[in-house]
Amino acid sequence: MLRPYDWLAYQITKRPGIIAGVAVVIFVIALYGTTLITMQTGNEAYLDKNTPRGALLAHYADTYGSDAIMVIIESDDVTKVDTLWYIDRLLSHIQRHQSVERTSSIVSLLKEGNGGVLPTSSAEVKKIIQNAPPGVVERNLPSHMMTLGVITLVPGLSEDRQKQVLSNIQTIVKTSRPPPGVSVTLSGEQAFSQQMGREMGSSMGTLIMAAMVLMIVAVLALFSHVRYALLPVGVVAAGLVLTFGLMGLTKTQISMVVIGAFPVLIGIGIDYAIQMHSRLDEEIYKSPLQEAVTTTITKTCPSVLIAMLATSTGFIAMIFGPIPMVGDFGITCTYGVISCYIAALIIVPVFAMLVHYRGKRQKKQGISDFVTGTGEGTDPKSYDSSFVHKGKEPLIEKYDRILGLIALKIAQRPIPVLLLVFAIAVVGFTLDNHVPISADQKTFVPPDMPALLDMNKVTRTMGATTTIPIIVSADDVLHPENLAWISHFGTYVVDKNEKVTNVDSIATLIAAYNNGTLPKTRAETSKIVSSIPTQYTKRYLNGKNEAVMEFSTRDMEISQARDLIRIIRKDMNFYPHPPASQYGLPDHLRCSAP
C-alpha cells in the first residue's frame, strides 16, 4: 500500500512544479465540466424509468401526456376589443409553432358564438359572454381583469425540447407588443421548472458560500496555531470544483436533494485537509521539509484513505435505492469525498514545497536558523523539544483539554452513556415512521417565488389539474363491452370517492360525439371514432389495444393521494370485468400515479 505513496512523495519533493502544473490542467478540465451541469426537476427525479412503475409512467407521458403552458393575460378590462384581437394574434402566432398542438382561450369561445370571427364591438362581446355556458365562461374569464389561454404541446416532447419551446414562446410574447396596460405571463409546469432551476442554482450558491464562510470562521478560531491556516479552505474549494467537474462530465444532474450534499462534502473535505496540514506542521519541527513532506504523505495518507473508502462505501449504497435523486446524492457525495481526498493529498504537500513551508512556533530562547524556517542541514535532535506559541495559549489547546476531560468522564461511566445513546436511538427509530414526506416540488421553493404565485393563480381559477391515470389494455378496447366497462368503472370511481372530481376517457369522448350515449356495435364505434379529430382521440387511445382513463382530483397531501391510489387499485381488482369473448376483454389494468 505504501509504494504508490512513496512514489508520489518522491515526485512531489523532487518535481513540485511539474506536479503543480498537472494539477492546474486537471483543475481547468474540471472547470469545463462545471459548465455541463444541468438541473433536474419533474418526475424523473422521483421515479426510475427502469422500474415497472417508472416505465409505465414514462410510457403514459410519452404516449398520452400533453403538457400545457398557461398564458395569463391581465389588464383593467380584458374584454376590450383591441385586447381580444391582441390575444387572437398572439395565440395564432404561437399555434404555428411545430411543437404546439393547439391553443384555446376566451377568443375561441367568442369566435364560436359569432360565426367563426371575432366580434368588433364591446356590445357583441358582452352578448356572447352572457349567452355562453357559465362554467365555460368562469374557466376562461374568471374576471374582467384576467383571462387565461392554454397552449397544449405535442405529446412525448423531451424535457430539453419543452424548455426550448418555452423559450421560443417567451420570445414571441416579449416581441408581441401588447396594448397599453396589458400584461402577459407564462405559467405552468415548464415555466415553474425553469424558474425552479434558477432558484436551485441560486440556493446552491448561497448554501455553499454560507458553509464556506462558517468554515473559515471555525478554522481561524481553532486552527490558527499553524502557518497558512486557511490552506485547508482552499483545498476544500478545489475539491468542490473537482466534484462539480465530475458531475458535469458524467452528466450527473443537480436536484433539490443533491444540493444538500455540498455542505456534507465541505465538512468531510475540511477534515481531510486539516489532517494533512496538521501532520505536516508537526513533522516540520522534527525533520527537514522534504522529509516532513515524505512522512506526511506515506504515514497519514494511507490512514485517511481507509476512512475515505469507508465513507464512500456508505454513499455508494445509496445508488442502489429506488429513487433516482437519492442515487444522485450518493454519487455526488462519492465524487466529493474522493475529490477532496485527492485535493488534500496533492495540494498540501505541493504547496509546502513551493513556499518552503516552515512552522509558526519557535523555541523559547530562539534558534535563528530554525525560526527562519529552513531547518535544512540541522539536526533536529539537537533542539530542545519544548516549543511554545507566541502570546497566550491558543484556543485549540483549550479545546483539546475540554475534549479530553469529556472523554475521561465518558470512559469512567461507559454503561450509563451507552444506555442513554441506545435509548435515544430507539426513540429516533420509533419516530422515523412519523416524519412527513413531501414529493410536491412546490414545497421545495420559496413561497414568494413568482412562478409559484402564478401557478397558484391558475389553480384558483381553473381548479386542481392533478390527475390519476389508468392504462387499460385489451385485445380491442373499442369493443362495446369494453367501452361500457370503461364508462361504468369511471362513473363508479367518481361517485365513490369525493376527492375524485371527474373522469375523461375514450368512452366519454365517444359519448360526447354520439349525443351522450355509447354505440351498441363495433361498426358504429369505428364510424364515430373516425369522425373525431385525431388530436382528441390520440389523447385517450393508442391503437386498438390500449386506452387511458384520467381521473381529475382535488389538491391533496401525498399521503392522501397514496391512499386514494390504493383504493382505486382495489376497485380495479374487484369491479366486475366484461365477460370473455372472441372480441377480447381488458387483459390487465394498470395504475400509475403522476
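Treat the numbers as computed from the prediction; the structure is a model and nothing was measured.
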* Do you know the tightest heavy-atom contact between Ala507 and Leu518? -> O-CD2, 3.4 Å

* Asked: Any side-chain heavy atom of Ile486 sitting closer than 4.5 Å to one from Tyr540?
  -> no

Return a table of donor-acceptor pairs under 3.5 angstrom between the side chains of residues 115-123 and protein atoms on other chains or two or more places apart.
| from | atom 1 | to | atom 2 | distance (Å) |
| --- | --- | --- | --- | --- |
| Ser121 | OG | Glu124 | N | 3.3 |
| Ser121 | OG | Glu124 | OE1 | 3.4 |

* Roughly how far, to the nearest 0.5 Å, is the CZ atom of Arg96 from the OG1 atom of Thr103? -> 10.5 Å

* Can you check whether Ile470 reaches Val548 side chain to side chain, under 4.5 Å on heavy atoms? -> no

* Who passes ring pair (Phe, Tyr, Trp, His ring centres under 6.0 Å) against Tyr492, sequence neighbours left out? -> Tyr575

* Any side chain to side chain donor-acceptor pair (under 3.5 Å) pairs touching residues 170-180, not counting sequence neighbours? -> Tyr86-Ser176, Gln170-Gln194

* Using ring pair (Phe, Tyr, Trp, His ring centres under 6.0 Å) as the criterion, list what pairs up with Phe244, not counting sequence neighbours. => Phe262

* Asked: Which residues satisfy the side-chain contact (heavy atoms from CB on, under 4.5 Å) test with Leu478, sequence neighbours excluded?
  -> Asp476, Leu483, Ile506, Ile510, Arg522, Thr525, Val529, Leu541

* Just how far is it from atom CG of Asn168 to atom NE2 of His97, taken to the nearest 0.5 Å? -> 4.0 Å

* What's the spacing between Leu509 CG and Ile532 CD1 if we round to 0.5 Å? -> 4.0 Å

* Measure the shortest side-chain to side-chain distance between Met549 and Val493 over non-hydrogen atoms and say whether it is less than 4.5 angstrom. => no

* Rounded to the nearest 0.5 Å, what's the gap from CZ on Arg569 to CD1 on Ile468? Could you check? => 9.5 Å

* Asked: Do Ile567 and Lys570 have side chains that get closer than 4.5 Å, going by heavy atoms?
  -> no

* To do: For residues Gly149 and Ser105, report the shortest heavy-atom separation together with the two atoms involved.
  => CA-CB, 4.0 Å

* To do: Supply the atom-to-atom distance Leu249 CG to Ile29 CD1, rounded to the nearest 0.5 angstrom.
  => 8.0 Å

* Nearest heavy-atom neighbours spanning Val477 and Ser473 -> CG1-C, 4.3 Å

* Structure fact -> Across all chains, not counting sequence neighbours, the side-chain contact (heavy atoms from CB on, under 4.5 Å) partners of Ala30 are Val241, Leu242

* To do: Go through the steps for Ile471 and Glu546 under the test side-chain contact (heavy atoms from CB on, under 4.5 Å), then give the verdict.
  => CA-CA 7 Å; Ile471 295 178; Glu546 187 180 87; 3.6 Å; yes

* **Chi angles and distances behind the side-chain contact (heavy atoms from CB on, under 4.5 Å) call for Val503, Thr491** => CA-CA 7 Å; Val503 60; Thr491 303; 5.6 Å; no

* Structure fact -> dist Thr79:OG1 -> Ile129:CD1 (nearest 0.5 Å) comes out at 5.5 Å

* Structure fact -> Residues at least two apart in sequence or cross-chain that pass side-chain contact (heavy atoms from CB on, under 4.5 Å) with Thr252, listed by chain then number, are Met247, Thr250, Asp328, Ile331, Thr332, Tyr335

* Structure fact -> For His93, the side-chain hydrogen bond (donor to acceptor under 3.5 Å, both in side chains) test, sequence neighbours excluded, returns none

* Closest approach of Lys520 and Pro480, non-hydrogen atoms and distance? -> O-CG, 3.5 Å

* Structure fact -> Between Val71 and Leu91, the two heavy atoms sitting closest are CG2-CD2, 4.4 Å

* salt bridge (Lys or Arg N to Asp or Glu O under 4.0 Å) contacts in which one or both residues fall within residues 498-518, not counting sequence neighbours -> none

* Can you sort out the partners of Arg161 under salt bridge (charged side-chain N to carboxylate O under 4.0 Å, His left out), two or more places apart, ordered by chain and number? => none

* Asked: Quick one: side-chain contact (heavy atoms from CB on, under 4.5 Å) partners of Lys80, sequence neighbours excluded?
  -> Asp76, Asp77, Asp82, Thr83

* For residues Gly245 and Thr34, report the shortest heavy-atom separation together with the two atoms involved. => N-CG2, 3.8 Å

* Asked: Is there a side-chain contact between Val182 and Glu74 (heavy atoms, below 4.5 Å)?
  -> no

* To do: Ignoring hydrogens and angles, tell me if any N or O in the side chain of Thr501 forms a donor-acceptor pair with the backbone of Ser552 under 3.5 Å.
  => yes

* Mark yes or no for whether Asn545, through its side chain, and Asp475, through its backbone, hold a donor-acceptor pair below 3.5 Å. => yes

* Asked: Taking Ser167 for the side chain and Lys163 for the main chain, is one N or O donor matched with an acceptor at less than 3.5 Å?
  -> no

* Can you check whether Ile72 reaches Met146 side chain to side chain, under 4.5 Å on heavy atoms? -> yes

* To do: State, with a plain yes or no, whether a side-chain heavy atom of Ser487 is found less than 4.5 Å away from one of Thr508.
  => no

* Kindly write out the residues that satisfy salt bridge (charged side-chain N to carboxylate O under 4.0 Å, His left out) with Lys496, not counting sequence neighbours, or none if the list is empty. => Asp571

